[in-house]
Amino acid sequence: MRTAKNNDENKVVEDANERLLKPYDPSATEDRIYELWEKGGFFNPDICVKAGVCDPDAEPFSIALPPPNVTGTLHMGHAAMLAIEDILVRYNRMRGKKTLWLPGTDHAAIATQSKVEGIIYKKEGKRRHDLGREEFLKRVRQFAQESHDTIVNQVKKMGSSVDWSREAYTLDEKRNLAVRTAFKRMYDDGLIERGYRIVNWCPNCYSTLSDDEVAYQEGAATLYTFKYSKDFPFEIATTRPETKLGDTAVAVHPNDTRYREYIGQTFTADLGHGPQEIKVIGDEHVEPEFGTGALGVTPAHSMTDYEMAQKNNLPIVKVIDERGRMTKEAGSEYEGLKVKEAREKFVIWLKENDLMTAEEKTPQNLSVCYRCGKPIEPLPSRQWFVMVDKPFTITHSNIKGVENESTVTLKELMLKVVENGQIVITPDRFEKVYRHWIDNLHDWCVSRQIWFGHQIPVWYKGALDTTSTEDTREIYVGTEPPQGTDWRQDPDTLDTWFSAGLWTFSTLGWPDNAKTARVGAHGPENDFANFHPTSVLETGYDILFFWVARMILMTTYMLGDIPFENVYLHGLVRDDKGRKMSKSLGNIIDPLDMIATYGADATRMSLIIGTTPGNDMKLSEDKVRAYKRFTNKLWNITRFVAANTANFDQNTPIETAEIDKKLLEELSALTREVTGDIEKFRFYLAGEKLYRYAWHRFADEIIEESKARLAGGDENNKRSTQYMLRTSLLTIIKLLHPFMPFVTEEIWGILKEKDEKPLIVTPWPETR
RNA sequence: GGACGAUUAGCUCAGUUGGCUAGAGCGCACGCUUCACACGCGUGAGGUCGGAGGUUCGAGCCCCCCAUCGUCCACCA
């Protein structure tokens with residue numbers, strides 16, 4: 001057995017030496033190396049402890065991988081994310097920390113559902129209601145599974161050292177339990193409420209959206225000036241005439257002398273669909289300079305108008321329905337028409353009746369759905385809301401400045417953990433952005449009218465009175481369905497960010513193992529104690545509000561703790577002209593293509609060097625090619641050092657020459673710098689310094705100068721040179737491993753002593 | 001309307017708390033198949049660091065103003 005093993009090892013060395021004679025070939029190396037890591041179990045902190053490469057009491061380091069959406073494939077932004085996080089993870093693992101990088105995927109509710117709906121419609125001409133909920137969900141799950149498999153393969157190709165044994169999915173059983181548990185507790189604490197309010201409604205996606213899912217599109221609109229009826233005392237201006245069929249008031253500025261006298265009076269308007277009571281109200285929000293200075297108040301289809309209606313006790317008339325069509329309240333002539341059709345028809349009517357006095361172009365910031373790009377229709381609807389301003393008593397708090405049993409709001413908690421420094425955001429300018437966002441935060445509408453997602457854990461008994469805005473049914477909220485018959489579960493699902501908000505702890509065994517988990521004990525059942533709060537949350541700045549803020553909300557509330565200590569935000573990856581990569585522009589660079597052509601190491605380096613946190617980066621294939629050359633350079637350096645130190649016996653003592661001491665000290669200084677840079681999230685600097693040192697210092701100068709000494713007759717000088725070269729290269733390889741894991745591991749395999757562990761678990765060079 | 005970012009070599013970008021002749025990649029010119037490497041080596045050209053002012057012994061870096069491009073947020077119907 002022993003002989004066989006030795007033969008195997010010798011063969012591996014021979015193969016390696018043979019490979020060393022040719023240029024470095026990533027495609028012949030990377031999969032083999034990844035398999036070596038995976039088989040060794042080095043991504044799993046428990047196995048690292050068992051294998052003795054990590055101290056059982058070592059300080060933990062953990063990252064929850066931002067779960068990619070199962071909507072398709074990974075793009076360069078994901079590649080950047082994986083590269084940065086793998087640097088952190090590998091660095092900390094080499095520093096001896098008990099390191100966990102937990103992978104997973106996100107069901108991405110509305111995005112995935114829309115995608116699959118599109119595919120089915122294109123292929124079969126069917127819509128989701130034609131298939132029914134069960135069949136449709138089956139199709140979505142199948143699609144999600146395929147996307148998942150693609151994604152897992154891509155994550156591996158990048159060299160990500162994630163612990164696959166702990167892989168999670170935002171829509172699997174464990175995460176579903178976490179969601180139900182969280183929902184119930186928030187409901188019991190009064191922080192989740194049902195309400196009939198104005199919501200952002202996308203008629204195309206046929207669902208509500210949160211405020212953050214509303215995007216704005218600049219454009220021009222027509223501003224129409226008209227009167228409600230001939231005898232109405234003044235004119236109003238609007239870009240949405242069709243909504244005026246639902247007006248119940250006109251608002252003017254309280255100090256506007258033109259209209260002041262009318263405030264409080266009620267007029268009867270005639271817009272061709274029956275008498276319409278219009279009350280004149282005063283409101284500070286009205287801009288006297290805009291239009292006529294009088295604003296038609298449509299409480300059902302505008303957030304601000306709704307607020308005015310609340311203040312003034314105005315009736316709410318819904319004239320647009322969920323399909324984006326006019327209701328019967330709009331009048332029989334308009335009922336069933338699309339909004340645009342109704343507008344055209346109503347404009348003609350106004351003209352025919354001599355009520356229209358002006359039409360002019362005006363710039364407009366149109367609200368659109370960030371997913372499908374279609375206009376949003378604000379409308380009143382009965383939905384579930386997370387109450388961000390509602391005071392509650394927090395039982396247990398690890399948050400600095402928040403006592404146990406104190407009364408707080410979700411907003412206050414979210415603000416506190418960043419202001420007290422418990423969570424540090426890099427770059428720090430985003431702390432201001434975050435604060436500003438919270439200042440403007442309203443209650444979070446979490447119910448969605450789609451099928452794919454976590455169905456809301458609420459059951460109703462009895463029939464819904466559709467004629468009333470009140471819901472009088474008996475209600476049950478729980479983690480399990482209620483006993484008895486007649487209970488019907490709420491058909492809606494939760495915003496995908498609700499489950500994503502739990503990610504840092506739902507992946508660590510919460511709620512099942514949260515109470516029994518023990519610090520220092522092995523196994524996933526103890527993860528919650530060992531790895532929460534996580535160390536770093538690394539993601540793109542574009543989901544600071546969507547996700548980062550929601551995680552902070554959920555964690556501070558559910559656990560009275562922070563979800564992570566650091567937030568590192570990277571920029572968006574754009575093409576070499578600064579444009580967003582998109583299918584329609586045809587400028588997408590596929591990470592897999594780059595990896596196939598230049599290797600994962602080169603791809604990673606191209607996404608690290610020359611970029612700064614929070615700033616967008618432009619990527620060109622040239623840049624990737626450049627770092628491919630660097631991997632080859634390292635390979636050639638290795639060939640030189642290996643060939644010139646082949647007969648070097650480490651065990652015979654040598655007298656290190658002064659010059660070599662100096663050179664090694666120079667490298668120690670670099671080690672200290674690079675270590676500091678990584679600690680402070682300056683990967684771009686660390687990477688560039690290593691690049692420059694390896695190529696332009698070590699290869700161009702140190703190796704060149706060593707040639708004479710190696711060829712000279714002074715045996716000790718020669719041995720000292722060999723020692724210096726070998727030691728330097730090994731240090732360079734170690735320092736570069738987090739950045740370029742494959743080529744460095746491969747080189748390590750060639751240079752290391754037989755019984756040494758793989759580079760991935762080799763200690764980081766001394767920094768003193 | 002508010003906030004933020006960018007503006008450095010032909011192109012894409014670095015430049016960490018202000019400190020010696022401002023760097024990288026790609027591109028360009030010339031010369032090298034030199035015994036680690038042509039995925040390379042050597043030499044070189046190329047920068048008023050957006051503009052104006054200020055602080056300082058010293059500013060690409062700090063302060064003030066301006067310009068251009070971009071992003072986010074709020075929102076006037």
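Quantities reported herein were computed from a predicted structural model and do not represent experimental measurements. What's counted below: heavy atoms across the whole structure, side chains too, no hydrogens, waters or symmetry copies. All chains are named by letter (A, B, ...) in the order of the sequence lines, taking the proteins before the strands, and each is independently numbered beginning at 1.
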Walking RNA chain B from its 5' end, the first of A:F630 and A:N615 to be reached, judged by nearest nucleotide, is A:N615
Whole Å only: how far is the CD atom of A:E289 from the P atom of B:C75?
21 Å
Using heavy-atom distances to pick each residue's nearest nucleotide on RNA chain B, tell me which of A:G610 and A:K623 is more 5'.
A:G610
On a plain distance test, is the side chain of A:K628 in donor-acceptor contact with the base of B:C39 below 3.5 Å?
yes
Provide, to the nearest angstrom, the distance between the CG atom belonging to A:L544 and the P atom belonging to B:C4.
16 Å
Separation of B:C76 P from A:Y216 OH (nearest whole Å):
9 Å
May I ask you to say what A:K432 touches in the nucleic acid, namely base, sugar-phosphate or nothing, with a heavy-atom cut-off under 4.0 Å?
sugar-phosphate
For A:D622, answer base if it contacts any base atom (sugar-phosphate contacts may also be present), sugar-phosphate if it contacts only those atoms, and nothing otherwise; contact means non-hydrogen atoms under 4.0 Å.
sugar-phosphate
Taking the six-membered ring for Trp, are the ring centroids of A:F232 and A:F234 within less than 6.0 Å of each other?
yes
Could one point to a donor on the side chain of A:N632 or the base of B:C37 with an acceptor on the other under 3.5 Å away?
no
Using atom CZ of A:F430 as one end and atom C1' of B:A3 as the other, report the distance to the nearest whole Å.
12 Å
Answer yes or no: does a side-chain N or O of A:W695 lie under 4.0 Å from OP1 or OP2 of B:C41?
yes
Base-paired stems in RNA chain B, each at least three Watson-Crick or G-U pairs under 3.5 Å:
B:1-7 with B:67-73, B:10-13 with B:23-26, B:28-32 with B:40-44
Would you confirm whether the ring centroid of A:F683 sits within less than 6.0 angstrom of the ring centroid of A:F739?
no
